Structures are given as structure tokens and as C-alpha cells.
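Some notes on the structure that comes next.
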Amino acid sequence: MNDALHTLRDLIQPTGRFSDVRLDGAALRCRAKDAAAEAWYVVDREGDGWAVSLLTPDRWLSESIEGDMLEGRDSAEELVDDELVEVGFPHRCQKVKHYRDDAKVYVFRTPVPLDGVADAAAGLKTYLLAFEAAFAQLGDMQGSDQG
């Protein structure tokens, strides 16, 4: 498991899409670059597979993301799918769950479908970057350099 995360970290760092990329136990944590508040993209295990999440302790950031989805009438799944189709990923985005966890962190989370993907780390990279591209357009995810 950690081999895939180490490889994923090495694939993600040079993209410049995150302000910080680090291994944290059994997860890869990538700090959102331009968000108005603290936000992290996380790749970790979910059962026998993998999941990608966006985590923020900031209620307003979470609500701004959710509000943009409601106003735009596009679901998180549709936004991620648009990015996945663009890069030729063989699967579509499954349900993105939005909730507040026990640590009072707001979470947007979805499993990563890797069936038939030969290189798990490369598949995780593609999916993580698609997830980030979709969520970076929402709410105050680009808030820190506006104004």
C-alpha cells in the first residue's frame, strides 16, 4: 500500500498543483494551493480499494463549494466526470459523499474506480488531478489570490 502512495507522491509533486504534498501515515495529503481556507486533498485506502477526499475544517469553505454546485446545477460527480473524460480515464466518478466527520472536518469523498487500470499509482494520479481540477473551480477554492 505505501509503495503506491510513495510512487503517487513522486508523480504528484512535480505537477505544481498543490502547495504541499506529504505522506501522513497511510494517506497522501496534498494541500490545496489557492483555497481561501485550509483544505487538503487526501488519497487513502477504503476497504480493498482507494478513495480521494477533499477535507477542510472551515465551514464557510465547505458551504461555498456546496453552494456553487447547487447554483450551477452540476453535481460533484458530473464535474469530476468532465475532467476524467478529458484525460481519457476509463471509469466515471462514483457518488461523492459530503459530510462532517467526528473530528468536525467537512469531507467530500469518493471511491476511486481502478478496475482494469494496469498502474494503480498512475490511475490514482489521474483521478486525484481530475478531482482537484473539478473542486478548484468551486466556491472559495481559488479565494486566496482574489483581491
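This is a predicted model, so every value here is computed, not measured.
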Value rounded to 0.5 Å, distance of [atom1] in [X] from [atom2] in [Y]:
| X | Y | atom1 | atom2 | value |
| --- | --- | --- | --- | --- |
| Lys125 | Asp119 | NZ | CG | 10.5 Å |
| Leu124 | Leu5 | CG | CG | 7.5 Å |
| Cys30 | Asp20 | SG | CG | 8.5 Å |
| Arg92 | Asp82 | CZ | CG | 9.5 Å |

Evaluate the side-chain proximity of [Y] to [X]: yes if any heavy-atom separation is below 4.5 Å, no if none is.
| X | Y | result |
| --- | --- | --- |
| Asp44 | Leu28 | no |
| Thr110 | Val80 | no |
| His6 | Leu23 | yes |
| Glu77 | Lys95 | yes |
| Leu129 | Ile12 | yes |
| Pro90 | Val117 | yes |

**Prompt:** Looking only at heavy atoms, what is the nearest atom pair of Ser19 and Ala32, with distance?
**Reply:** OG-O, 3.8 Å
**Request:** Please name the pair of heavy atoms, one in His91 and one in Leu84, separated by the smallest distance, quoted to 0.1 Å.
**Result:** O-CD1, 3.7 Å
**Complete:** Those residues at least two apart in sequence (or on a different chain) that pass side chain to side chain donor-acceptor pair (under 3.5 Å) with His98 are Ser62, Glu66
**Complete:** Applying side chain to side chain donor-acceptor pair (under 3.5 Å) to Gln94 and not counting sequence neighbours gives none
Return all side-chain donor-acceptor pairs below 3.5 angstrom for residues 52-59, not counting sequence neighbours, or 'none' if the list is empty.
| from | atom 1 | to | atom 2 | distance (Å) |
| --- | --- | --- | --- | --- |
| Ser53 | OG | Arg109 | NH1 | 2.7 |
| Thr56 | OG1 | Glu38 | O | 2.6 |
| Thr56 | OG1 | Asp58 | N | 3.1 |
| Asp58 | OD1 | Trp60 | N | 3.1 |
| Asp58 | OD1 | Leu61 | N | 2.7 |
| Arg59 | NE | Glu63 | OE2 | 3.0 |

**Item:** Candidate pair Tyr127 and Glu132, rule side-chain contact (heavy atoms from CB on, under 4.5 Å), full reasoning
**Value:** CA-CA 9 Å; Tyr127 204 91; Glu132 183 272 339; over 6 Å; no
**Item:** With Tyr41, the ring pair (Phe, Tyr, Trp, His ring centres under 6.0 Å) member among Phe135, Phe108, Phe18
**Value:** Phe18
